[in-house]
S.K.: 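Take this structure, written in structure tokens, and hold onto it; I'll ask about it next.
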Amino acid sequence: MKIIETVREMEAERARLPGSAGLVPTMGALHEGHLSLVRRARADNDFAVVSIFVNPTQFGPNEDYQSYPRDRERDLALLEAEGVDVVFMPGEEEMYPPGFDEWVEVPGPLTSRLEGVARPGHFRGVATVVARLFRIVRPQRAYFGQKDAQQVRVIRRMVSDLGLPVEIVPMPIVRDADGLALSSRNAYLSPAERRAALVLPRALDLARMMALGWGIREADLLRESLEDYIRQVPQVRLDYVSIADEETLEELHDTIEGPALVLLAARVGSTRLIDNTVIITEGVDVPEALRDVVEDIKAGRSRSST
Ligand code: AMP
């Protein structure tokens with residue numbers, strides 16, 4: 001496994017690699033979520049390239065750039081064990097040399113909503129660093145986790161706007177046994193915070209159950225139910241629950257017609273977590289036995305046992 005730290009060497013190495021390259025951009029502190037992308041990149045391509053770069057421009061001034069977990073030796077051992085061909089780990093001055101001025105911005109609702117509101121400038125930093133990585137590594141395919149659902153869509157749009165010759169491959173969310181989506185930031189959680197954080201994947205289960213099991217398709221009702229559910233856990237400060245069009249991320253309010261994305265963001269202690277799931281409601285009817293119950297839920301009536 002080659003470890004490359006400069007742009008010039010990476011470009012030279014890419015020119016030597018015959019065939020297709022799959023790129024997995026990461027910020028290190030690797031876990032099974034990252035490794036699932038790496039395995040797929042290896043399987044699909046002649047070479048797998050993993051980048052490790054904690055990108056300062058995608059962090060806000062009050063975010064965790066300084067304290068973001070970094071463990072070079074552990075990351076390299078994990079990637080070596082996966083049979084990765086090249087690890088590109090440039091320093092900040094390599095990615096942003098003096099006078100750097102190639103900012104990439106994806107305009108519109110895809111970047112201005114949700115994480116775009118909570119983290120101003122975040123997607124500009126992400127798009128800029130990913131575009132730069134694509135120019136340096138020139139991969140045929142690049143792998144991104146659905147964990148960062150908005151990010152995948154922003155990158156896809158950027159690739160199509162700039163006409164970059166790379167296929168974006170979205171990969172499913174990898175979760176711990178208790179349901180919490182794997183994230184490098186989970187390392188910040190105390191045991192009690194971690195237990196509280198489980199309300200997020202459970203809220204997504206609730207959304208799937210309401211939509212798929214009970215046939216509830218009203219976006220506003222789903223959103224309010226999830227908000228109520230999450231707010232019951234005092235250690236969790238909810239940032240948003242969004243029920244959005246799966247492709248455009250436009251917020252839905254009425255009856256859900258196509259696939260919808262349920263996106264959550266919340267702070268647990270000082271750690272900000274995000275999670276999401278897709279719900280499909282087409283062709284799902286309210287089961288006969290649940291009709292009255294569902295009518296009551298829609299009408300905001302509570303049922304007391306008789
Ligand atoms: P990061 O190091 O957080 O920038 O993540 C690098 C890539 O790994 C991104 O494409 C993430 O979406 C993806 N990723 C992070 N966590 C997970 C997860 N739990 N499951 C699948 N992919 C993930």
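Count residues from 1 along the sequence. In listed order, ligands and their atoms are each counted from 1. All values below were derived from every heavy atom in this structure, side-chain atoms included, with hydrogens, water molecules and symmetry-related copies excluded.
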S.K.: Taking heavy atoms and a distance under 4.0 Å, where does L37 meet ligand 1: side chain, backbone, both or neither?
M.R.: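 The part of L37 near ligand 1 is the side chain, not the backbone.
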S.K.: Tell me which one of M171, Q58, K147, H34 gets a heavy atom nearest to atom 1 (P) of ligand 1.
M.R.: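 It is H34 whose heavy atom sits nearest to atom 1 (P) of ligand 1.
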S.K.: Please list, in number order, the atoms of ligand 1 under 4.0 Å from a heavy atom of P25.
M.R.: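 Answer for ligand 1: 6 (C), 7 (C).
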S.K.: Out of I52, V174, N55, whose heavy atom is nearest to atom 20 (N) of ligand 1?
M.R.: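 Looking at heavy atoms only, the winner is V174.
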S.K.: Side chains of E115 and Y240: donor-acceptor distance under 3.5 Å anywhere?
M.R.: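 Distance-only check passes for E115 and Y240.
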S.K.: Which atoms of ligand 1 are found less than 4.0 Å from any heavy atom of F144?
M.R.: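 Checking each atom against F144, I get 10 (O).
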S.K.: Would the number of heavy atoms belonging to other residues, nucleotides or ligands and lying under 6.0 Å from CZ of R157 be above 12?
M.R.: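 No, CZ of R157 has 12 or fewer neighbouring heavy atoms, counting only those of other groups under 6.0 Å.
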S.K.: Only heavy atoms count here, so choose which of S36, S184, P172 is nearest to atom 21 (C) of ligand 1.
M.R.: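 Minimum heavy-atom distance to atom 21 (C) of ligand 1 goes to P172.
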S.K.: Residue-level breakdown please: for E32 versus ligand 1, do any non-hydrogen atoms fall below 4.0 Å on the side chain, on the backbone, on both, or on neither?
M.R.: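 No part of E32 is near ligand 1 at this cut-off.
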S.K.: With a 6.0 Å cut-off on the ring centroids, do F53 and F88 count as close?
M.R.: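 No - the distance between ring centres of F53 and F88 does not fall below the 6.0 Å cut-off.
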S.K.: Taking the basic N atoms (NZ, or NE/NH1/NH2) and the acidic carboxylate oxygens, is any pair closer than 4.0 Å for R16 and E13?
M.R.: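 Looking at R16 and E13, the cut-off is met.
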S.K.: Looking at I173, which atoms of ligand 1 are within less than 4.0 Å of one of its heavy atoms?
M.R.: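 With I173 as reference, the close atoms of ligand 1 come out as 20 (N), 21 (C).
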S.K.: Using the ring of each side chain (for Trp, its six-membered ring), is F134 parallel, tilted or perpendicular to F144, with breaks at 30° and 60°?
M.R.: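 Aromatic pair F134/F144 classed perpendicular.
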S.K.: Above 12 or not: heavy atoms from other molecules or residues under 6.0 Å from CZ of R42?
M.R.: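 Result for CZ/R42: open.
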